[in-house]
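Structure first, commentary second.
Each ligand, and each atom within it, is numbered from 1 in the order the structure gives.
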Amino acid sequence: MGISGKLAEERRGRLAAERLLELKQEELFAANRKLGRHAQALSEEIVETRAEISTVRDENQRVKSDLTVAHQKIEIVERRLWHSIETIRDGFAVFDIDNQLVMANNAYLSIFDGLEEIQPGVPYARILQLLTEEGIVNIGAASPAEWRADMHERWQSDHPNSVVIQLWNDEYIQLIDRRGHGGDVVSLVLDITESVTYEKALKAAQESAESANRAKSAFLANMSHEIRTPMNGVVGMADLMANTVLDDEQRLYVDTIKTSGEALLVIINDVLDYSKIEADKMSLHPEPFDFEKSIHQILIMLQTSASEKRVDLLLDYQVSLTSTFIADPGRIRQVLTNLIGNALKFTLEGHVLVRVTGEEKSSGNCALQVVIEDTGIGIPDEKIAHIFGEFNQVDDKKNRRFEGTGLGLAISERLIKMMGGKIWVESEDGVGSKFEFNLELERVETPRDGLRDFCNKFDQIIIAEKSSVAASILEKQLSGMANKVTLCPDGSAALSAITDQTDLVLVGLDLPDKNGFDLVQAVGKKTKFPAFIMMNHSAAEVSKHADADLLSGVLQKPMSRQALYSALENLSKSKSPKCVPDAASSEQILAKSESNKMKILTAEDNKTNQLVFKKMVKSLNIDLVFAANGEEAVELYKTYKPDLIFMDISMPKMDGKDATRAIRALETLSQTRTPIVALTAHAMSGDEADILAAGLDKYLTKPLRKPAIFEQISHHAPKGVCLGI
Ligand code: ADP
């Protein structure tokens, strides 16, 4: 081949090489571009990763610093907690599930007085052992092993009881252990030395107060006996002397002795009752009693002082209400006497009204509401809240002139409370007061419940009475008994109201314009003569009047329903004028006669009291012998065979209770039973129960009261025996 061929070939070769080079260069560029892109992505990725790493690092840093803060806080809290635990006076310790001490404060450790063994890790059983071995606890009579066994058993329980432990130095600790969920036990040791010492002192003080109280009660019992016995002589003798011929001066002296003596007895009784209630020694003795009669008797008793002041005493006992209930009659009377007595004491004119209403319950009980209303001085608002407190007297100019102990209402309130009732008061200063109490009492059916069935039917009844309250009570009581009941406030009104139809006139002796007898005479001249029943505080004053024969009856004020109904009943039986005794007194029951005598034995060592007794019963046709002591009483019982024995309790040689026991023993042989009535100056609670338990039938307290003695005599008089006055 020629040069040109070779040149051509070389050229072709070069061209091919140039093309290849171009190709390779292109490939190289492409690869370069790809590489560039990769490098770009990679560097972006690196930047991103770097940012992430920095964030994580930041977070790490923050967490780390948070952790440091938290740690610091925990340290502070722990320090504070520990500081607090160390500060408290009480011991504090924690035990783990294996009963090993984890931690304890100094107060806890101080109990062990520096024993080195007591430190974290020591088992609870070992602690118990050290407590006994080192004599740290006073285990009393128990043996150390027993004590530890008890303590261990307690520790093991899920809820260990708290326990009080006495330490060697007479300090007291209380252990309170709580078991947690994980089995840990937190143990708290309270130092209760102060409260135990205080409790001990309190107990000692209480014991000494109780013994002082017992001494006070005994002193009061003795004092009551010692004061009552001579007072019996004073009041009894003054009573008897008052019935003899005296000049005015002597009568004044005697009356003063009597009233002062009686006032003193009231005070003694108040103080005694109050201390009995205070000492929880007051007990109630429920028995059937006539409620209406009790109120009426109290009103009669207060009538004399009411008449002196011209205050009307009124009883408004709900017409349909039964009157026999079961309660302690003595205590009910005491409350009523206090409330009615107060009402009268603080009322200078107007009336004192006792209103009783009741509602029968399905249980057979009766819910009674008793109101004692007066038109007296009233009680100022600021005093009323404290009126039932002890020694609370409204002290102002108005009532300084009234006497009293300031105990009556406090006693009444407590008695009513004891009986399950409630007492309260409403009052207006200067206008009057209204004391009210309610009681739920068991009722007893009695024949008296049908009282009104005996009564007549009248055409017209005229009530001539100046007190409108009294007249409206009467009107209520007569409702249904007459076709017409007309109320007239004075004599003239009555005179014009009386017609031929009038068959009964209830007239007060004391009318504003004329006296009751003037009306009777005036009617006699005018028309057909109706029946007249005269009402007055003193029945004797009416009966003494020359025209008393014109009357068909006399009613003594304050009147009871029973007296009214009996008077009406008597109208039908007799046309002749008749005097109706109100709630016949025992003295009236004792009829005059000359038959065989009732034999009474009175055992009484005190000569004055013998004399008082003798004088009191001197008007009776009885045979009376005295025994000077219990022994004599038993002897006389055998020989004299009395119908009734009055027995003093405190007597020399043999007391009244032993004498009664001896008599009762003798009676079991003879199969008889002589009534024995205790006469005693003992007035403390429990005395009555004691006396009745000895076989006595009844209990009368001194000073002796004529009506009470007469009541017993007439009650026990054998049939056919007449007690002449
Ligand atoms: P006492 O009457 O013995 O002072 P009370 O406890 O019975 O004691 O009465 C306390 C006081 O309450 C009386 O002193 C009197 O001030 C007042 N008081 C009681 N009842 C009445 C009443 N009906 N009217 C006005 N004041 C009364």
**Request:** Determine whether the side chain, the backbone, both or neither of Lys345 has a heavy atom under 4.0 Å from any heavy atom of ligand 1.
**Result:** side chain

**Asked** What are the atoms of ligand 1, with element, lying closer than 4.0 Å to any heavy atom of Ile379?
**Response** 25 (C), 26 (N), 27 (C)

**Item:** Test item, Gly378 contacting ligand 1 (heavy atom, 4.0 angstrom)
**Value:** yes

**Complete:** Checking heavy-atom distances from atom 6 (O) of ligand 1 to each of Val352, Ile372, Leu409, the winner is Leu409

**Request:** Over 60° means perpendicular and under 30° means parallel, so classify the ring planes of His545 and Phe517, tilted if in between.
**Result:** parallel

**Request:** Would you give the length of the straight line joining atom CD1 of Ile257 to atom CE of Met241, rounded to the nearest 0.5 angstrom?
**Result:** 6.0 Å

**Item:** Residue portion contacting ligand 1 (non-hydrogen atoms closer than 4.0 Å) for Asp374
**Value:** side chain

**Request:** Without swapping roles, check the side chain of Asp312 against the backbone of Ala470 for a donor-acceptor pair under 3.5 Å.
**Result:** no

**Asked** For Phe388, is the nearest heavy atom under 4.0 Å from an atom of ligand 1?
**Response** no

**Request:** Spell out, as yes or no, whether a donor-acceptor pair under 3.5 Å connects the side chain of Glu604 to the backbone of Asn606.
**Result:** yes

**Complete:** Between Cys366 and Phe325, the two heavy atoms sitting closest are CB-CE2, 3.6 Å

**Asked** Does His296 reach the main-chain N or O of Pro558 with its side chain, forming a donor-acceptor pair under 3.5 Å?
**Response** yes

**Item:** Ligand-residue contact atoms, ligand 1 with Ala343, heavy atoms, under 4.0 Å
**Value:** 23 (N)

**Request:** Identify, by atom number and element, the atoms of ligand 1 in contact range of Asn338, meaning under 4.0 Å from any of its heavy atoms.
**Result:** 7 (O)

**Message:** Do the side chains of Lys557 and Asp510 get close enough for a salt bridge, i.e. N-O under 4.0 angstrom?
**Reply:** no

**Derivation of the side chain to side chain donor-acceptor pair (under 3.5 Å) call for Ser307 and Gln303** = CA-CA 6 Å; Ser307 316; Gln303 183 54 54; 2.8 Å; yes

**Prompt:** Short list, please: which atoms of ligand 1 are under 4.0 Å from a heavy atom of Gly408?
**Reply:** 5 (P), 6 (O), 7 (O), 8 (O)

**Asked** Counting from 1, what ligand 1 atoms have a heavy atom of Ile387 closer than 4.0 Å?
**Response** 12 (O), 17 (C)

**Message:** Out of all atoms in ligand 1, which are within 4.0 Å of some heavy atom of Leu407? Include the element for each.
**Reply:** 6 (O), 8 (O)

**Asked** Does any N/O atom on Phe346 come nearer than 3.5 Å to any N/O atom on ligand 1?
**Response** no

